[in-house]
Number of protein chains: 2
Amino acid sequence: MKKEIENKYTEPSDCPVRNVLDRIGDKWSMLVLLLLEEKGLLRFNEIDKHIVSISQKMLSVTLKGLEADGLVKRTIYPQVPPKVEYELTELGQSLIPHLNTLVGWAKANMQKIETSRLQYQN
Amino acid sequence: MKKEIENKYTEPSDCPVRNVLDRIGDKWSMLVLLLLEEKGLLRFNEIDKHIVSISQKMLSVTLKGLEADGLVKRTIYPQVPPKVEYELTELGQSLIPHLNTLVGWAKANMQKIETSRLQYQN
DNA sequence: CTGGATCCCTAGTGATACTG
DNA sequence: CAGTATCACTAGGGATCCAG
């Protein structure tokens, strides 16, 4: 049953909030983006080693999504064994500063949040 | 099977990326935070009307989480029928600017992303 | 090496009904 | 009004195996 009122906090496909959450809201995308920013150019296996406990499948899925969105550029070297490198696109680069301010906020406040959560009795 | 290497991109509980994603990475939290920022002080039903298609359950769950994290303050007025008001805490307020830069980025680039995604042939 | 394909399990979400 | 309880469904994610 749809509600009738529509405003900018609705979630049609053009909602900016949904749009940004679709890109960084999942479990791994933000980590991958920040890693690529830091390291610059990485092979599949290198990312896998840096991001502990990500599975090959999820790394593959995540990179595919980021590539489809134009945030990450994928370069295949036609050789055996195959070699594929990933790097941020300009668009991807442009997102990084905003992610970093978020991370900065998190670093500065995670202690407060943790404390609050411990005191919160349900 | 745990991998052995650990660095800052791992996801222990003190990872800032995980920390921030846990707060805004879900489907509704960011929308609620931005709405409370805009409107200032809202009752349960008012939030429900503004955020189209959220269910009572998810609104309840979302607000509970935000309250537990100390981002939202909940005030109960002991009367019949009950009246409960929600507003951002100082901590919640401090997060808003970073969310807005993200939203700004999304607004500015969602068209590019959309185009990229359409061209991406799997 | 870089993935794809498959199976499976759980966490998140939604619908509905109910309550103080 | 402001939730809770219950059920049921799905998408996200992990493990494992297979392939160019």
Side-chain angles (χ1 to χ4, degrees), chain A residues 1-3 10-11 13 17-18 21-32 35-36 41-69 72-87 120-122, chain B residues 1-3 10-11 13 15 17-18 21-32 35-36 41-68 72-87 120-122:
Chain A
M1 207 76 66
K2 291 283 181 183
K3 297 175 187 177
T10 312
E11 65 289 359
S13 58
V17 175
R18 289 269 167 258
L21 284 181
D22 281 349
R23 246 124 298 302
I24 67 164
D26 62 272
K27 194 169 179 180
W28 302 109
S29 290
M30 195 163 159
L31 286 167
V32 170
L35 179 64
L36 285 177
L41 186 68
L42 291 174
R43 302 182 58 172
F44 187 91
N45 244 1
E46 294 174 326
I47 304 177
D48 192 53
K49 283 171 198 156
H50 278 288
I51 303 183
V52 179
S53 83
I54 192 174
S55 64
Q56 281 192 332
K57 172 190 171 181
M58 287 318 298
L59 179 54
S60 179
V61 168
T62 301
L63 287 169
K64 218 174 187 178
L66 294 174
E67 189 199 357
D69 289 341
V72 163
K73 179 185 170 190
R74 181 170 180 265
T75 308
I76 315 172
Y77 296 86
Q79 57 190 39
V80 178
K83 173 181 174 182
V84 183
E85 287 181 332
Y86 296 90
E87 61 188 318
Y120 183 79
Q121 301 303 342
N122 184 16
Chain B
M1 207 75 69
K2 291 284 181 182
K3 297 175 188 178
T10 313
E11 65 290 358
S13 57
C15 169
V17 176
R18 291 269 166 258
L21 284 180
D22 282 348
R23 247 126 298 299
I24 67 163
D26 61 270
K27 194 167 179 181
W28 303 108
S29 290
M30 196 164 160
L31 287 167
V32 170
L35 178 64
L36 285 177
L41 186 69
L42 291 174
R43 301 182 58 170
F44 188 91
N45 246 358
E46 294 174 328
I47 304 177
D48 192 53
K49 284 171 199 156
H50 277 287
I51 303 183
V52 180
S53 84
I54 191 173
S55 63
Q56 279 194 332
K57 174 186 169 183
M58 287 317 296
L59 179 53
S60 178
V61 167
T62 300
L63 287 169
K64 222 173 186 177
L66 294 174
E67 189 198 357
V72 163
K73 179 186 171 191
R74 182 171 179 264
T75 308
I76 316 172
Y77 296 86
Q79 57 189 41
V80 178
K83 174 179 174 183
V84 182
E85 287 181 332
Y86 295 89
E87 61 189 317
Y120 183 80
Q121 303 302 342
N122 184 18

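Just so it is clear, the structure is predicted and the values come from calculations on it, not from any experiment. Just so we're on the same page: letters track the sequence lines, and every chain starts at 1.
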* Do you know the tightest heavy-atom contact between B:Met58 and B:Thr62? -> O-OG1, 2.7 Å
* Structure fact -> note: B:Trp28, atom CH2; C:dA11, atom P; distance rounded to Å ~ 21 Å
* Whole angstrom is fine here: how far is it from CD1 in A:Ile24 over to P in D:dG12? => 16 Å
* **Closest contact, heavy atoms only, B:Leu41 versus B:Glu85** => CD2-OE1, 3.4 Å
* To do: Would you kindly give the CG-to-P distance between A:Leu59 and C:dG4, to the nearest whole Å?
  => 11 Å
* **Shortest non-hydrogen contact from A:Ser29 toward A:Arg23** => CB-O, 3.1 Å
* To do: Take atom CG of B:Asp22 and atom P of C:dA11, then tell me their distance rounded to the nearest Å.
  => 14 Å
* To do: Measure the distance from CE on A:Met58 to C1' on C:dC9 and round it to the nearest whole Å.
  => 14 Å
* **Spacing between B:Ile54 atom CD1 and C:dA15 atom P, to the nearest angstrom** => 11 Å
N/O to N/O distances under 3.5 Å, protein versus nucleotides 1-3 of chain C:
from, atom 1, to, atom 2, distance (Å)
C:dC1, OP1, A:Asn45, ND2, 2.7
C:dC1, O3', A:Arg43, NH2, 3.1
C:dT2, OP1, A:Arg43, NE, 3.0
C:dT2, OP1, A:Arg43, NH2, 3.3
C:dT2, OP2, A:Asn45, N, 2.9
C:dG3, OP1, A:Arg74, NE, 3.4
C:dG3, OP1, A:Arg74, NH2, 2.2
C:dG3, OP2, A:Tyr86, OH, 2.3
C:dG3, N7, A:Gln56, OE1, 3.3

* To do: Take the protein atom NZ of A:Lys57 and the nucleotide atom C1' of D:dC17, then report the distance between them rounded to whole Å.
  => 13 Å
* Asked: Got B:Phe44 and B:Lys83 here, is their nearest side-chain heavy-atom distance under 4.5 Å?
  -> no
* Would you indicate, yes or no, if D:dG14 has its OP1 or OP2 atom less than 4.0 angstrom from a side-chain nitrogen or oxygen of A:Lys27? => yes
* Row check, B:Trp28 ring normal vs A:Arg18 NZ/CZ: under 6.0 Å, within 45° -> yes
* In whole angstrom, give the distance that lies between atom CG of A:Leu21 and atom P of C:dT13. => 11 Å
* **B:Asp26 or A:Val61, whichever maps to the more 5' nucleotide of DNA chain C** => A:Val61
* For the residue pair A:Lys27 and B:Leu21, what are the closest heavy atoms and their distance? -> O-CD1, 4.4 Å
